[in-house]
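This report concerns only the one structure given below.
The first residue of the sequence shown is numbered 1, and numbering continues consecutively from there.
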Amino acid sequence: VCSSDLLIGDMGFNSLGGDITFLSDVNGAYALVLNACEGGTITAQNIGNTTRLTTLIARTDNLVQSGETLTTGPVTVIGCGDTVSLCGVYDMGSSDFIAAGNVTLSCNTTILTSGGEIQFTGTVDGAYDLTLSAGGSSITFGGIIGGFSRIRDLVIENTSSVTAVS
């Protein structure tokens with residue numbers, strides 16, 4: 001979709017059932033909204049690695065990245081159906097990270113905030129490592145962790161509280 005790496009304003013992409021693929025890093029102090037529902041995948045190298053995005057909202061069943069996501073504002077990942085696949089490093093700065101729906105890890109995943117909350121509204125599964133650091137804020141799991149597929153290593157650090165469904 002985009003071979004340029006600089007957003008020049010708030011932008012949105014809707015794949016209408018296809019994939020959204022960024023051929024290079026995506027940067028710019030703006031909001032980015034991506035919709036790849038109906039079987040589409042969002043693929044990116046790095047998002048916000050030189051200039052952090054203000055907000056990222058991704059609707060997809062599969063968010064794949066080979067680098068990391070860095071924002072100054074919140075990141076919300078919403079599964080189109082019941083589950084979203086996460087993979088990579090998500091560095092939110094002081095903002096929140098919200099995974100709305102059930103999550104499957106498709107590679108080792110790290111979510112970092114320096115004071116923002118980390119929230120999973122559904123289950124979290126996948127045979128990969130999950131590292132969470134909330135910068136002294138809270139981490140919430142709204143569903144069972146590793147109920148269908150065990151998480152290999154779960155590391156939770158630098159948090160004020162952890163709330164989980166038993």
For the hydrophobic clusters of this structure (ILVMFWY residues joined by side-chain heavy atoms under 4.5 Å, transitively), does one cluster hold both Val89 and Leu105?
-> no

Can you tell me if Asp153 uses its side chain to pair, donor with acceptor, with the backbone of Asp129 under 3.5 Å?
-> no

Taking the side chain as every heavy atom from C-beta outward, state whether Thr113 and Ile118 have any atom pair closer than 4.5 Å.
-> yes

Between Asp96 (side chain) and Glu117 (backbone), is there a donor-acceptor pair under 3.5 Å?
-> yes

Heavy-atom closest contact (Gly116 atom, Ser137 atom, distance) = O-CB, 3.5 Å

How long is the gap from CG on Leu56 to OG1 on Thr76, to the nearest 0.5 Å?
-> 8.0 Å

Is Asp25 reaching over with its side chain to a backbone N or O of Asn46, donor-acceptor style, under 3.5 angstrom?
-> yes

Indicate the atoms forming the closest heavy-atom contact of Phe22 with Leu34, along with that distance.
-> CZ-CD2, 3.8 Å

Nearest heavy-atom pair of Asp61 and Cys80: which atoms, and what distance?
-> OD1-N, 3.0 Å

Taking the side chain from Thr131 and the backbone from Thr110, do they hold a donor-acceptor pair closer than 3.5 Å?
-> no

Between Thr104 and Asp125, is any side-chain donor less than 3.5 angstrom from a side-chain acceptor?
-> no

Atom CD1 of Ile139 and atom CD1 of Ile156: how far apart are they, to the nearest 0.5 Å?
-> 5.0 Å

Would you kindly say whether Ser85 and Ser106 are connected by a side-chain donor-acceptor distance under 3.5 Å?
-> yes

Dump the intermediate steps for side chain to side chain contact (heavy atoms under 4.5 Å, CB included) on Asp91 and Arg52, then the final yes or no.
-> CA-CA 10 Å; Asp91 183 345; Arg52 290 178 181 245; 3.5 Å; yes

Geometric class of the Phe120/Phe141 ring pair [parallel <30°, tilted 30-60°, perpendicular >60°] = parallel

Stepwise side-chain hydrogen bond (donor to acceptor under 3.5 Å, both in side chains) check, Asn27 with Asn49 = CA-CA 7 Å; Asn27 290 288; Asn49 62 316; 3.2 Å; yes

Could you tell me whether a side-chain N or O of Thr121 sits under 3.5 Å from a main-chain N or O of Gly101, the two making a donor and an acceptor?
-> yes

Ignoring hydrogens and geometry, is there a side-chain-to-backbone donor-acceptor pair from Thr109 to Cys107 under 3.5 Å?
-> yes

Which atoms form the tightest heavy-atom contact between Ala29 and Thr51, and what is the distance?
-> N-CG2, 3.6 Å

When you measure from the side chain of Asp10 to the backbone N and O of Ala31, does any donor-acceptor pair fall under 3.5 Å?
-> yes

Can you list the steps and then say if Val84 with Val103 is a side chain to side chain contact (heavy atoms under 4.5 Å, CB included)?
-> CA-CA 5 Å; Val84 63; Val103 169; 3.9 Å; yes

Arg150, CZ: over 12 other non-hydrogen atoms inside 6.0 angstrom | no

Do any N or O atoms from the side chain of Thr54 and from the backbone of Tyr30 form a donor-acceptor pair under 3.5 angstrom?
-> yes

Which pair of non-hydrogen atoms, one from Ser94 and one from Ser114, has the smallest distance, and what is that distance?
-> N-OG, 3.4 Å

Does one hydrophobic cluster hold both Leu112 and Ile98, with members joined at side-chain heavy-atom distances below 4.5 Å?
-> no

What do the steps show when you test Leu32 against Phe13 for side chain to side chain contact (heavy atoms under 4.5 Å, CB included), and what is the final call?
-> CA-CA 8 Å; Leu32 179 61; Phe13 295 96; 3.9 Å; yes

Is a side-chain donor or acceptor of Asn102 paired with a backbone partner of Thr123 at a separation under 3.5 angstrom?
-> yes

Consider only side-chain heavy atoms of I, L, V, M, F, W and Y, link residues closer than 4.5 Å, and tell whether Val33 and Leu86 are in one cluster.
-> no

Using atom types as modelled and distance alone, determine if a side-chain donor or acceptor of Asn14 lies under 3.5 Å from a backbone N or O of Leu16.
-> yes

Run the numbers on Val77 and Ile57 for side chain to side chain contact (heavy atoms under 4.5 Å, CB included), then give the verdict.
-> CA-CA 6 Å; Val77 181; Ile57 299 172; over 6 Å; no

Give the cluster check for Tyr90 versus Leu154: same hydrophobic cluster or not, with ILVMFWY residues linked at side-chain heavy-atom distances below 4.5 Å.
-> yes

Does Phe148 share a hydrophobic cluster with Val165, counting links as ILVMFWY side-chain heavy atoms below 4.5 Å and allowing steps through other members?
-> no

When every non-hydrogen atom of Ser161 is compared with those of Thr159, the smallest separation belongs to O-OG1, 2.9 Å

